[in-house]
Amino acid sequence: MLTSLYVEGNSLLHRWPVRAKLIALVTLSIGLFLSASPAVQAIAFVVAAGLYLSVGLPLRDALKRVGFVFLTIFFLAAVNLFLLPAADVATLTLRLMALVLFAAAVTATTTISAFMDEITILLGPLERLGWLRAADVSLALGLVLRFVPDIFQRYQAIREAHRARGLPVRPLTIIGPLIILTLKDADTIAAAIDARGFRRQ
Amino acid sequence: MDIRFTECAVRFGERVALHPLTLTLSERRIGIVGLNGSGKTTFARLINGLVKPTSGRVTVNGLNTVEDDRAVLSEAGFIFQNPQHQLIMPIVAEDIAFGLKNRGHSREDIDRRMQAALARFGIEHLAKRRVHELSGGETQLVAMASVVVTDPKILILDEPTNQLDLRNRRRVADTIDGLPEDTVLITHDLALVENVDRLLLFHEGRLAADGNPGDTIRRYHEIAGC
Amino acid sequence: MDIRFTECAVRFGERVALHPLTLTLSERRIGIVGLNGSGKTTFARLINGLVKPTSGRVTVNGLNTVEDDRAVLSEAGFIFQNPQHQLIMPIVAEDIAFGLKNRGHSREDIDRRMQAALARFGIEHLAKRRVHELSGGETQLVAMASVVVTDPKILILDEPTNQLDLRNRRRVADTIDGLPEDTVLITHDLALVENVDRLLLFHEGRLAADGNPGDTIRRYHEIAGC
Amino acid sequence: MNTRDLVLIALFAAIVVVLGLIPPITLGFIPVPITAQSMGVMLAGCILGARRGALAFLLFLLLVAIGLPVLSGGRGGLAVFAGPSGGFIIGWVVATFVTGLIAERNVREGQAETRQFIGFFLASVLGGIVVLYAIGMPWVSAVTGTPLTAVAAGSLAFIPGDLLKAAIATLAARAVYAGYPLLPARA
Ligand SMILES: Nc1ncnc2c1ncn2[C@@H]1O[C@H](COP(=O)(O)OP(=O)(O)OP(=O)(O)O)[C@@H](O)[C@H]1O
Ligand SMILES: Nc1ncnc2c1ncn2[C@@H]1O[C@H](COP(=O)(O)OP(=O)(O)OP(=O)(O)O)[C@@H](O)[C@H]1O
Ligand SMILES: O=C(O)CCCC[C@@H]1SC[C@@H]2NC(=O)N[C@@H]21
Ligand SMILES: [Mg+2]
Ligand SMILES: [Mg+2]
C-alpha cells in the first residue's frame, strides 16, 4: 500500500546527490517566480519535461502521476484567460508545469533512505541545540509505515462490525472507535520501544 | 438451523481461502477447529454474508446470503474474533441499545430488551461502564449481549475465549452452553467443543473432517502433528 | 537469575495493582498464573523497569530498576502480551536490527547477530517479510528473535500462545523450553507451566500461592471456582 | 517529549494516511480537491493538542515530501508542494496548532457536555477553516495568478463540507475525550 514513488534507474537525476537535487529545486522555484518572461518559463518547462521523461517511468505512469495537478493547472489557465492577459497566463502555466515536473522527477529518482540521510544531516543543527533527535524522526517515520496497514485493517473490521450488527455505516461511528482503539495501542508500543532500549524517557 | 453450502468457494485475489464445498448444517451445536489460516473464519463469515462466495451459493433458513443479505444478517448474529472492534458506542448501555435504535424500537422496548440481555449474561453492573475500559472477559460478554439483544436465531462465535483466564473462560463457556440459540463455535480451545453435536475440521481451505467431536479432534491432532 | 522485590507496591491512580510484596526469584524457570486483572503483567513489568514501584524497590542481578534502568533493560528482555505491537519496524529484518542499532553495533555485527537470531527460531525465510502480514505464530517467533538478539540474560514472556493453533502453540512452547536464558512465563494455558521450577499465583494484586506447579495450580482452580 | 508522545504523533499521522484512502472529490472550478484528510487537522488538534497535533502533521508532510503516495487519491512527492494546493497542505500544520491551542484553552474535564462540544467545534472552525484558508487561498492565488477574490469565491465550495467535517470531528473528539482523554489542559 505504501510503496514509494521512487523509480529504479540510472538516469542523470538518479546519479545526482540528493542535496544537489533539492538545491536545484529551490533555486528553480525562486528563479522562475522572479522571471516574467514566457521564453524563460518555456525553456524551463522543456528541460523539466525532458528530465522527468528520462527517469524511466513508462509514459502512461508518468502522465498518471502528474495528471491530476496538470488537470487543475489547465482548468485554472482557462479561468485565468478571462481575467488576465494571455501572455501572463502562458507564463504562469508554464512555470507551474515546469516546477511540478521537476519536483516529480526529483521524487522519482530519490529513495526514501537517501531522503532520510539528508534529513538527518539537515536536522543536525537542531539536534545539537537539543531540540530533537534525528533518530526519533526516522523512528516516527518507520512507525507510520508499520502501522498504516494495521489501522486500515481495523477500519475494515469496524465497518464489517457495523454491517454484521445491521447498523448504518457512518463516518462518525467508525472514526470514534478507530481513533480510541488506535491511540490505546500507543501505551503498549511505547513500552515496547522503551523495553528494547531505544531511547531514554 | 438450516444452512446449506452448494459448491461454495472463496478466493481473495489469487489466494484460495476455501475450496468448493457442499454441505448442510442442521444440528443445534456446531463446532469448528483447524490450524491458523485454515479457513475457519472465512467459512463462518459466509454464513452471515460478511464474505460472499466467489462461486456457488449459501442459504440460511432458506434465505440466500447474497440476494437477501439484510434478512440473513438479522437471522445470524456474529461475535468477532476481536470483540473490541465490534463495540461501537462509548458506553456499554449505549452500545447494546444501538442496534435496536436503528431498527426503530420504542424507548421502553429498548430498555426492556437491554435489561434482559444484560441479565442473561450477568453484567447488569457494567451498563454504565466505558466500553474500552472493560477487561477481556467483560468485553466478550458485552459483545454477546449486544448481539443477542436483536434476537438472531443463530449465533456464530469466533474464538470467544482468547486471553481469558480460567474463570472467565468457564463463564463464557457456560454462557454459550446455555444459549437457547443455535450456535456455530470456532475455537482453538478443544475443551470447548468436546460436547458439540457436530465438529468440523478445516485444513488448507478444505473440510478435512466432519462428524462427532472425538473423531474430528483425533484427526486434528494428526494434522497438527502433536 | 537473581531478582529481589523489597516491600514493592504499585498503584495506578486510586487503584492498587500490586500490594506490598517481598520476594526473591532465583530459579531458572518461573511461571506466573492468575485471573484477568490479578496483577501478573504489572508484576512482570516491574522486573524490567517498565513499571516503576510506587513504593519499595526491585533489583535484577544487583541492578536497581529505577536507578539503573537502562542496564536493567538490557538484562531482562520482554515479550509482550500483544506481540504485534512489539514489532515496530515495517520489515522483519529491520525490526530485529532495531534494538541493536541504537546500542552502537557495527553494521557487520548487526548482520551477524540478526542471522543468528533468525536461525535460532528457524525463521530465516521471514527476514524480508512485512511485519503486518505475519500470522499469529510467526509474529510470536519474530518477537522473540527481536528480543533475544540483544542478548538479555532473562526473558519475560507474557501469554505467548494466545490465538495460536495446536501446532503453533506446540512450536512456541518447545522453543521456550529450549531457551538457554532464564525465563519468567505468564500464561493462562496451564499445560505450559506444568514443569516450571517455581509457579506463582496472583490474586487481586497479592501473591496467593508460590511453590511447585502442582500445588499452585490446585490453589488456582480453587480461586477460580472451577 | 517522551516515547509515548512520539508514538501518539506517529499513530495520528498514520490515521491521516488512512483517511487519505477515502477518494478525493475534484470540483472543476477550483484546483484543490475536497478531501477527508483536512478533517485530520481538526481531529489532531482537538485530540492530541497543539504541539503533538502539529508535529503529527509535520511528520505527515515529511512522508509526502519523501515521495510516499499518502495524499488522497494516492498522490505525493515534492510536486504537490509546487502545485496549487501546496499552501493548504503546509497550512495543515499551522491550522492543527491553532485548533489545538483553542481546544486546550476551552475544553476541560468536568465541564458540561455542551460546553465541551462548543469548545471543540469552535476550535475546529477557527483552526481548521479560518486559519487554514488564510494560508491556503493566497498560495493558490500566488502560484496560479488567479486574483484572490476569485479564489475566495471558488473556495466557498469547501465550506459546507468543511462544516460537516468540523461537526464530525467535534463529536469524535468529544467521544475520545470522554473515553481516553489525551488533551493537555491549559488555563
Ligand atoms: N480479507 C482477506 N484478504 C485476503 N486474504 C484473506 C482475507 N481473509 C482471510 N484471508 C486468507 O484466507 C486464509 C484463511 O483465513 P481465515 O481467516 O479464514 O483463517 P482462520 O482459520 O480463521 O485462521 P485463525 O485461526 O488464525 O483465525 C488465510 O490464508 C488468510 O490469510
Ligand atoms: N496503565 C494502567 N493504568 C491503570 N490501571 C492499570 C494499568 N495497567 C494495569 N492496570 C490495572 O491493574 C490491574 C492489574 O492489571 P494487570 O495488567 O497486571 O493484570 P493481568 O494479571 O496481567 O491480567 P490479564 O490476565 O487480563 O492480562 C488491573 O485491574 C488493571 O486494570
Ligand atoms: O492536494 C491535497 O490533497 C490537499 C488539498 C487541500 C484541501 C483543502 S484543505 C481545506 C479545504 N477543504 C477541503 O475539503 N479541501 C481544501
Ligand atoms: Mg479466524
Ligand atoms: Mg496481562
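Predicted model only: the values in this text are computed from it and were never measured. Order of the sequence lines sets the chain letters (A, B, ...), proteins ahead of strands, with each chain counted from 1.
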If you look at every heavy atom in A:A195 and C:N48, which pair is closest and at what distance? CB-ND2, 4.1 Å
Look at atom [atom1] of [X] and say whether more than 12 heavy atoms of other residues, nucleotides or ligands are closer to it than 6.0 Å.
X: C:R198; atom1: CZ; value: yes
X: A:R19; atom1: CZ; value: no
X: C:K52; atom1: NZ; value: yes
X: C:R29; atom1: CZ; value: yes
X: A:R15; atom1: CZ; value: yes
X: C:R171; atom1: CZ; value: no
X: C:R129; atom1: CZ; value: yes

Hey, which residues of residues 80-90 of chain C are touching chain A, say heavy atoms under 4.5 Å apart? C:F80, C:Q84, C:H85, C:Q86, C:L87, C:I88, C:M89, C:P90
Is the closest side-chain heavy-atom distance between A:Q153 and C:H132 below 4.5 Å? yes
If you tally heavy-atom pairs under 4.5 Å against chain A, which of C:V131, C:V147, C:I91 wins? C:V131
Interface residues of residues 163-189 of chain A facing chain C - heavy atom cut-off under 4.5 Å: A:D185, A:T188, A:I189
Between atom CZ of C:F98 and atom CG of A:L139, what is the distance when rounded to the nearest 0.5 Å? 5.0 Å
Side-chain ion pair, A:R196 and C:D95, N-O less than 4.0 Å: yes
